[in-house]
A.B. asks: 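Mind looking over this structure? Questions follow.
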Amino acid sequence: MTVQELVSQLELTVFHLEDGGRAVTGGGYCGDLLSWVMGKAPADGVWMTIMSNVNVAAVAALTDLACVILTESVAPDDPLLRKAELQGINLLGSSLSTYECAVKLSAALGG
Amino acid sequence: MKDYRFDFHLHSCLSPCGSEDMTPANITAMCALAGYDIIALTDHNTVGNCAAFCEAAKQWDLLALPGMELTCVEEVHVVCLFPDLEHAIPFGDYVRRHLPPMDNDPRFFGPQLLMDSRDQLLGEETAMLAGATDIGIYEVAALVRDYGGLAYPAHIDRDSFSVLSNLGLWDSEMGFSLAEISSRCPPELLQRPDLAGLRFVTGCDAHYLDQISDPKQSMNLSEKSINAVFHWLINSQSSG
């Protein structure tokens, strides 16, 4: 499944889509403490978080995630949006809770 | 007694997110121009540029405190201030042993530049200063006191890296009697019942030279000395 297909299936908001054709092969990770995400998020995976500050982009780039989904209708602050554009991070949003979003992601990725 | 203008939350080019223009020489010059009397350097999880900062402050007649902005395991930022380098450096060594076991990647987090007081580059810090230590927020007040310093949570009004955002409430059991607020803190926030009795200082949290703003606060001291500053921080009833 590609990031673009994920956007359609999970009805995600697009804050910045750099590479919609990128494959999502790493599964998902949920968490808000960046130091945990840094060490645990899987490459080519999807990170679901309510964090919306500029460090989210750095962590996503460091862990080579396929995309980030800001859950609970959280919107990125301006520095994060700029950094996502600069570093080519696929930055998406969902109105669902992190749990509900993860459940839908799991179904979309084949359980 | 005299009022002294102060700010105790400044980052140098050693902080991964700090501008490369934030050399100790530039920061102290900018603070002198802006009219400060007493300042502290608080880089993320390091005191590595404090010696240069304190040295550079001398030529401007600024009273300079070595400090650190510690990142707790809860990803809460805490300002830690020390009376001198002799107290700050051992604490810096302690924190170094509690950093995540990975190197900084300057591509994502930025360079971490060690400088002397005359704008000469001494080297780059390779440890990962952008991460969180494994020191818990409930340990910090006593830990810093044991090292001869004083600690208080940073920018509690912000929605990231703050006590209120990450823990949801202020717990007096943490042992802090002071809290830092940002200059944009809405006044009504300070009316929260859990903040009752707490004293506040403002920190500019400058990462760039143009973020060193005009002084927002002052402390009324009998003399411009480290002892008087710590006495004020520990005992003053209002932030003046």
Side-chain angles (χ1 to χ4, degrees), chain A residues 15-16 18-19 26 29-45 47-91 93 97-98, chain B residues 11 15-19 44-45 69-78 95-96 98-112 126-137 154-168 182 184 205-208 210-211:
Chain A
F15 298 119
H16 180 71
E18 179 82 12
D19 179 11
Y29 188 81
C30 304
D32 304 315
L33 289 186
L34 302 180
S35 49
W36 282 72
V37 180
M38 223 182 278
K40 290 176 180 285
D44 302 309
W47 171 27
M48 288 151 279
T49 183
I50 56 164
M51 278 296 190
S52 58
N53 64 69
V54 65
N55 298 295
V56 167
V59 170
L62 180 77
T63 51
D64 199 20
L65 288 158
C67 64
V68 181
I69 302 176
L70 307 184
T71 58
E72 305 270 13
S73 301
V74 165
D77 63 16
D78 286 342
L80 172 56
L81 197 54
R82 281 201 299 275
K83 195 78 175 266
E85 290 164 359
L86 196 68
Q87 297 200 324
I89 305 297
N90 291 324
L91 186 62
S97 73
T98 302
Chain B
H11 290 272
S15 287
C17 44
S19 158
H44 293 293
N45 299 320
E69 185 174 23
L70 177 71
T71 308
C72 298
V73 71
E74 298 88 352
E75 296 195 351
V76 171
H77 286 175
V78 182
V95 170
R96 171 174 286 277
H98 292 265
L99 289 172
M102 57 199 291
D103 286 344
N104 180 47
D105 190 329
R107 290 175 301 162
F108 304 131
F109 295 102
Q112 302 177 157
T126 56
M128 171 78 176
L129 300 177
T133 67
D134 62 5
I135 301 168
I137 185 76
H155 42 63
I156 63 165
D157 54 304
R158 279 190 20 197
D159 63 4
S160 58
F161 301 113
S162 92
V163 165
L164 298 185
S165 71
N166 289 19
L167 271 58
S182 76
R184 286 168 305 211
D205 196 8
H207 287 72
Y208 292 82
D210 62 8
Q211 292 172 341

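So that the names make sense, note that chain A is the first sequence line, chain B the second, and so on, each numbered from 1.
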A.B. asks: Applying salt bridge (Lys or Arg N to Asp or Glu O under 4.0 Å) as the test, list every pair that has at least one member in residues 48-61 of chain A; sequence neighbours left out.
C.D. replies: none
A.B. asks: Mind checking whether B/F161 and B/H77 have parallel, tilted or perpendicular rings, split at 30° and 60°?
C.D. replies: parallel
A.B. asks: Do A/V37 and A/T49 have side chains that get closer than 4.5 Å, going by heavy atoms?
C.D. replies: no
A.B. asks: Using non-hydrogen atoms and a 4.5 Å limit, figure out which bit of A/D32 sits close to chain B: side chain, backbone, both or neither.
C.D. replies: backbone
A.B. asks: So which residues of residues 61-73 of chain A are in contact with chain B at a heavy-atom cut-off of under 4.5 Å?
C.D. replies: A/A61, A/L62
A.B. asks: If you apply the rule side chain to side chain donor-acceptor pair (under 3.5 Å), what do you find for B/Q211 with B/H11, and how did you get there?
C.D. replies: CA-CA 10 Å; B/Q211 292 172 341; B/H11 290 272; over 6 Å; no
A.B. asks: Considering all heavy atoms of both residues, which atom of A/S52 and which atom of A/A75 are nearest to each other, and what is their separation?
C.D. replies: CB-O, 3.3 Å
A.B. asks: Tell me whether A/I50 at atom CD1 has more than 12 heavy atoms from other residues, nucleotides or ligands lying less than 6.0 Å away.
C.D. replies: no
